[in-house]
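Report on the structure given below.
Below, all heavy atoms of this structure are taken into account, side chains as well, without hydrogens, waters or symmetry copies.
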Amino acid sequence: MCKRTFGLTPAKAMTIMTVMMDPETNLPLGMTVSGVLREPTPEAAARAVEAYVCSDCVDRVKQLKEFMDRPVGRFGTWR
């Protein structure tokens with residue numbers, strides 16, 4: 001997440017995506033430094049705070065998901 005500031009009005013707040021962040025690690029709740037998701041510890045869940053995500057970051061995550069979900073190419077067999 002880019003940490004850029006962006007305008008937020010009360011009417012717009014209902015349409016902006018949020019994510020629970022661990023302020024100690026500055027990562028989304030349950031995510032490791034290597035990008036792997038795991039069950040968060042009770043301590044991390046207790047200190048987690050809700051953070052707003054800008055629309056550019058949401059678009060980047062959607063692009064990454066499309067890239068990661070592509071079907072694997074087929075290779076011919078060797079004879």
Side-chain angles (χ1 to χ4, degrees):
M1 308 221 259
C2 65
K3 301 291 183 197
R4 287 182 288 174
T5 58
F6 57 95
L8 181 65
T9 61
K12 192 177 178 183
M14 297 302 291
T15 61
I16 294 181
M17 185 176 286
T18 60
V19 65
M20 295 303 289
M21 295 288 289
D22 182 352
E24 188 174 293
T25 62
N26 206 26
L27 293 169
L29 189 61
M31 183 172 283
T32 64
V33 176
S34 61
V36 177
L37 289 175
R38 61 180 169 85
E39 188 68 29
T41 62
E43 295 84 16
R47 68 177 173 256
V49 294
E50 189 175 37
Y52 291 103
V53 182
C54 75
S55 59
D56 290 339
C57 288
V58 172
D59 292 340
R60 285 189 206 117
V61 170
K62 286 179 183 176
Q63 289 175 350
L64 179 62
K65 182 175 175 6
E66 289 172 9
F67 176 77
M68 298 296 286
D69 289 345
R70 284 188 205 167
V72 176
R74 304 246 337 156
F75 295 101
T77 57
W78 290 45
R79 294 183 185 218

Any salt bridge (charged side-chain N to carboxylate O under 4.0 Å, His left out) involving residues 24-46? Give me the pairs, sequence neighbours left out, ordered by first then second residue.
E24-R47
In terms of hydrophobic clustering (I, L, V, M, F, W, Y; side-chain heavy atoms under 4.5 Å; direct or indirect links), are V53 and M21 co-clustered?
yes
If I take atom CG from residue L29 and atom CG from residue L37, how far apart are they, to the nearest 0.5 angstrom?
10.0 Å
How long is the span from the NZ atom in K62 to the SG atom in C57, to the nearest 0.5 Å?
12.5 Å
Sequence neighbours excluded, which residues qualify as side-chain contact (heavy atoms from CB on, under 4.5 Å) partners of E50?
T18, M20
S55 side, atom OG; I16 side, atom CD1 - distance, nearest 0.5 Å
8.0 Å
